[in-house]
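So you know, we letter chains A, B, ... as the sequences are listed, proteins then strands, and number each from 1. Computed from a prediction, not measured in an experiment: that's the story for all the values here.
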Number of protein chains: 2
Amino acid sequence: MLRISKLTDYGTMILVHLAVQARGAKDGVVDPEHLCSASDVASGTRLALPTVQKLLKVLARSELVRSVRGAEGGYALARNPATITAAEILDVFEGPLSITECSTADSRCELEDGCPTGGAWQKINRGIRGALDEITLADLAHPPREFPLVDLSGRSSRLRHRPTPGQG
Amino acid sequence: MLRISKLTDYGTMILVHLAVQARGAKDGVVDPEHLCSASDVASGTRLALPTVQKLLKVLARSELVRSVRGAEGGYALARNPATITAAEILDVFEGPLSITECSTADSRCELEDGCPTGGAWQKINRGIRGALDEITLADLAHPPREFPLVDLSGRSSRLRHRPTPGQG
DNA sequence: AGGATACTGGACTAAGATAGTCCCATATAG
DNA sequence: CTATATGGGACTATCTTAGTCCAGTATCCT
Ligand code: FES
Ligand code: FES
């Protein structure tokens with residue numbers, strides 16, 4: 001459905017939470033080393049604790065988040081939010097993203113022979129991925145700002161949504 | 001997963017098949033009125049007949065395909081392929097597409113209150129939709145050509161895929 | 001050392017979505 | 001009237017998703 005799973009949505013919320021905390025939402029002090037515990041994140045995001053734990057585990061296994069075990073341990077972003085893209089986030093939670101099955105593993109598709117689209121979806125997928133590469137976690141943590149992505153569709157006349165109305 | 005279902009993929013293949021047939025792949029004669037029966041499409045796309053029948057029914061209920069009942073009946077595109085967009089195709093098979101649940105019905109989301117992303121995915125979704133509005137069925141039926149979509153990511157330096165290598 | 005804290009890994013289940021098939025009714029051509 | 005072909009829907013096996021829970025391990029603090 002061109003729809004990401006709830007877990008990915010939650011996961012993004014968690015990442016944004018971590019980004020905001022590191023920025024110093026707590027004491028107004030910027031501290032990239034600030035560790036958030038799972039329960040910390042759960043209450044901050046209002047998600048169920050077990051779910052948060054599960055997702056943080058996944059994140060910790062990725063290169064996006066680092067973890068410290070033991071008492072006073074917790075999670076923190078491993079990199080600067082500006083260097084973490086939406087595409088990477090999707091990769092972590094949903095595996096290498098591909099819009100169709102055939103585009104997953106280098107076009108290994110049983111239907112490829114008779115497929116009239118000639119890998120059209122693959123190309124669309126690549127384009128979308130390119131767009132997703134533009135969005136960073138830092139962008140996600142700054143709701144008021146518009147995304148560069150809307151520029152992309154601005155060059156068309158066939159489009160439906162408003163091209164950034166007077167809002168900034 | 002940012003992944004469309006198999007049925008949508010099949011459905012696209014069917015649409016492309018109809019487009020090609022109307023273009024006159026059969027006798028070399030262009031005939032927008034040419035009707036394809038379900039079994040016709042099934043053998044042409046190498047998909048299972050029952051599945052093709054199911055999908056053609058869905059398509060016929062949409063505004064993309066028209067049908068003629070009875071003997072010598074069949075299906076044909078209702079509009080010019082150049083006016084049918086990928087976004088419309090996805091709409092038909094997957095309903096109004098939205099990348100997250102909260103973006104489905106005008107941000108009616110239980111988590112919206114505590115959501116730190118502030119509808120970020122919604123905006124991403126809108127951008128992707130805009131990109132999908134650019135692709136037409138006519139594009140899909142012309143594999144050799146590149147899509148305008150790749151231009152979109154071309155303005156970035158963070159991107160991964162090649163910007164249309166010597167292929168045309 | 002010993003207890004408290006907190007991450008790690010994986011198993012497990014209920015609910016939902018998906019893919020695919022089949023049946024019967026209806027409409028049209030000949 | 002009969003063969004052809006769509007229309008609408010029911011139905012089920014399978015897969016995926018969402019959510020929970022438990023046993024293990026590392027670290028801090030007393
Ligand atoms: S369906 Fe797989 S390549 Fe087209
Ligand atoms: S999770 Fe629904 S608005 Fe953010």
Take atom CZ of A:Arg66 and atom P of D:dA26, then tell me their distance rounded to the nearest Å.
19 Å
Looking only at heavy atoms, what is the nearest atom pair of B:Ala76 and B:Leu35, with distance?
CB-CD2, 3.9 Å
Determine whether A:Ile135 and A:Leu140 satisfy the following criterion, side chain to side chain contact (heavy atoms under 4.5 Å, CB included), listing intermediate values before the conclusion.
CA-CA 8 Å; A:Ile135 314 287; A:Leu140 298 181; 3.9 Å; yes
Between D:dC15 (P) and B:Leu7 (CG): distance, integer Å
16 Å
Among the nucleotides D:dA18, D:dT6, D:dT27, which one has an atom lying closest to any side-chain atom of A:Ala71?
D:dT27
May I ask you to verify if any side-chain N or O of B:Tyr75 is less than 4.0 angstrom from the OP1 or OP2 atom of D:dA5?
no
Produce the list of close N/O pairs, under 3.5 Å, pairing protein atoms with atoms of nucleotides 20-24 of chain D; give distances to one decimal.
from	atom 1	to	atom 2	distance (Å)
D:dT20	OP2	A:Thr51	OG1	3.4
D:dG24	N2	A:Arg69	NH2	3.2

A:Glu72 has an atom CD; how far is it from atom P of C:dT5, in whole Å?
10 Å
Minimum heavy-atom distance between A:Phe93 and A:Gly11, given as atom pair plus value
CZ-CA, 3.4 Å
So if I take every side-chain heavy atom of B:Arg61 and compare against D:dG9, C:dT8, C:dG20, which nucleotide ends up nearest?
D:dG9
Between A:Gly70 and B:Ala38, the residue closer to the 5' end of DNA chain D by nearest nucleotide is B:Ala38
Check step by step if side-chain hydrogen bond (donor to acceptor under 3.5 Å, both in side chains) holds for B:Thr136 and B:Asp139.
CA-CA 5 Å; B:Thr136 72; B:Asp139 292 327; 3.3 Å; yes
Measuring from the side chain of B:Ser37 (C-beta onward, heavy atoms only), which nucleotide among C:dA29, C:dT8, D:dT6 has the closest atom?
D:dT6
Would you confirm whether B:Glu88, through its side chain, and B:Thr85, through its main-chain N or O, come within 3.5 Å as a donor-acceptor pair?
yes
Can you tell me which residue pairs pass the salt bridge (charged side-chain N to carboxylate O under 4.0 Å, His left out) test with a partner in residues 48-74 of chain A, sequence neighbours excluded?
A:Glu33-A:Arg66
Could you check how far OH of A:Tyr10 sits from C1' of D:dG19, rounded to whole Å?
9 Å
Rounded to the nearest angstrom, tell me the gap between atom CG in A:Leu18 and atom C1' in C:dC7.
14 Å
Whole Å only: how far is the CG atom of B:Leu35 from the P atom of C:dA29?
11 Å
Does a side-chain N or O of A:Ser5 approach OP1 or OP2 of D:dA18 to a distance below 4.0 Å, or not?
yes
Nearest-Å distance, CG (A:Asp40) to C1' (C:dT5)?
13 Å
Spacing of A:Leu55 atom CG relative to C:dG9 atom P, expressed in whole Å:
15 Å
Would you check if B:Leu15 and B:Val65 make a side-chain contact, meaning some heavy-atom pair closer than 4.5 Å?
yes
